Structures are given as structure tokens and as C-alpha cells.
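Shown next, in C-alpha cells, is the structure this report addresses.
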Amino acid sequence: MNQEQINKLRKVCKNISVLYVEDDKNISIQVERLLKKIFLDVEVEKNGFLGLANFTQNRQDIVITDISMPVMDGIEMAKEIKNLNSEQNILVTSAHNDVEYLIELIEIGIDRFVAKPIDINSFFVNISKIAV
């Protein structure tokens, strides 16, 4: 995405809230910076348990989560969130591309999947598809 496309996305997303859940601190910091270029309201948690608690309280418009995390993984968190709101937009980022994980994510109703390491262009394209 070029700067003009990012600016358009920023306009569309200015009133959309995001919950980002990632246990790897370095990845979390980098992706949080990317998200804040587009969204004004970005919350970050370090595991699925805290992510679910945050979502239960704040009901963000988009949830972005890793799969493998301590306490509660992203798949279990996504299931719980979908139980609370079956229409919730969820994007999963993961280094796992195992068919078993992907089938489970499809069954849960995940909207998008972005493989790690995250390609910034692909990440923004997937976010724009959820946001609009």
C-alpha cells in the first residue's frame, strides 16, 4: 500500500476500535505502531485471557490475535469472543500454517489470516477488507 492508500484507510478507520493480542513483545510493539498509523483506538494485551477480558469490557470492532500464547491461546480466545458476538471481526496472525489450525480457524469463523513474519502490505490489505 502506498501513502495515499494508507491515508484513505485511515479516514475509513478513524472511528474503528482495535484489540491486538500478542505475547511476543517485539512483534507487539511493531504491530501496535502499524495499527496506530490507521486506527485512533488501539488496545494491546499479551495473552488470550487478558484479551478476552478486555474485549468483554470494551467490545472493540476488530480483534487481531496471535495463535500461540500463554494462559489462553488465540484460538480459544476467538471461540469465546465469537460466543459473545458471532459477527465479531477477527484477524489471526501466526507462524503456524498447519492445516489443522487453519481448519479450526475456519470453523470458528475467523475473517482473515496473515502469516508471520507479517508482510506489511498484506496486513494492511486484510485490515482494509475487514474495516470496510
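Everything quoted here is computed from the prediction, not taken from an experiment.
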Output the distance between atom [atom1] ([X]) and atom [atom2] ([Y]), rounded to the nearest 0.5 Å.
X	Y	atom1	atom2	result
Ile64	Leu34	CD1	CG	10.0 Å
Asn47	Thr65	CG	OG1	9.5 Å
Leu91	Ile62	CG	CD1	8.5 Å
Phe55	Met77	CZ	CE	9.5 Å
Asn54	Tyr20	CG	OH	14.5 Å
Ile75	Met69	CD1	CE	9.5 Å

According to side chain to side chain donor-acceptor pair (under 3.5 Å), who are the partners of [X], at least two apart in sequence or on a separate chain?
X	value
Asp41	none
Glu76	none
Thr56	none

Qualifying salt bridge (charged side-chain N to carboxylate O under 4.0 Å, His left out) pairs with a residue from [range], counting only residues at least two apart or across chains:
range	result
residues 79-93	Lys79-Glu104
residues 6-26	Glu22-Lys116
residues 48-60	none

Would you check if Ile127 and Phe39 make a side-chain contact, meaning some heavy-atom pair closer than 4.5 Å?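 Of all side-chain heavy-atom pairs linking Phe39 with Ile127, at least one is under 4.5 Å.
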Taking the side chain as everything from C-beta on, heavy atoms only, tell me whether Ile118 gets closer than 4.5 Å to Val31.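 When only atoms from C-beta onward are counted, Val31 and Ile118 do touch, with a gap below 4.5 Å.
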Under the side chain to side chain contact (heavy atoms under 4.5 Å, CB included) rule, collect the residues that match up with Ile38, sequence neighbours excluded.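 With neighbours one apart ignored, the set is Leu9, Cys13, Phe124.
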Could you pull out all residues at least two apart from Val12 that satisfy side chain to side chain contact (heavy atoms under 4.5 Å, CB included)?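 Val12: side chain to side chain contact (heavy atoms under 4.5 Å, CB included) contacts with Val132.
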Side-chain heavy atoms under 4.5 angstrom apart, residues restricted to Ile, Leu, Val, Met, Phe, Trp, Tyr: same cluster for Ile29 and Leu50?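 Not linked; separate clusters.
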Look at the side-chain heavy atoms of Ile, Leu, Val, Met, Phe, Trp and Tyr, link any pair under 4.5 Å apart, and say whether Leu40 and Leu19 land in one connected group.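 As far as the 4.5 Å side-chain criterion goes, Leu19 and Leu40 are not connected within one cluster.
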Mark yes or no for whether [X], through its side chain, and [Y], through its backbone, hold a donor-acceptor pair below 3.5 Å.
X	Y	value
Asp111	Ile90	yes
Ser128	Val125	yes
Glu43	Val18	no

List the atom of [X], the atom of [Y], and the distance in Å for their closest heavy-atom pair.
X	Y	value
Ile67	Asp73	O-CB, 3.1 Å
Val21	Gly48	CG1-N, 4.0 Å
Ile110	Ala78	CD1-CB, 3.8 Å
Asn126	Arg112	OD1-CD, 2.9 Å

Partner residues of Lys46 under the salt bridge (charged side-chain N to carboxylate O under 4.0 Å, His left out) criterion, sequence neighbours left out: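 Salt bridge (charged side-chain N to carboxylate O under 4.0 Å, His left out) list for Lys46, sorted by chain: empty.
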Which residues satisfy the salt bridge (charged side-chain N to carboxylate O under 4.0 Å, His left out) test with Glu32, sequence neighbours excluded?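 With sequence neighbours excluded, Glu32 shows a salt bridge (charged side-chain N to carboxylate O under 4.0 Å, His left out) to Lys36, given in chain and number order.
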Verdict with reasoning, Val42 to Val44, per side-chain contact (heavy atoms from CB on, under 4.5 Å): CA-CA 7 Å; Val42 177; Val44 179; 4.2 Å; yes
Indicate whether any N or O donor in one side chain lies under 3.5 Å from an N or O acceptor in the other, for Asp61 and Ser17.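 Side-chain D/A pair, Asp61 to Ser17: present.
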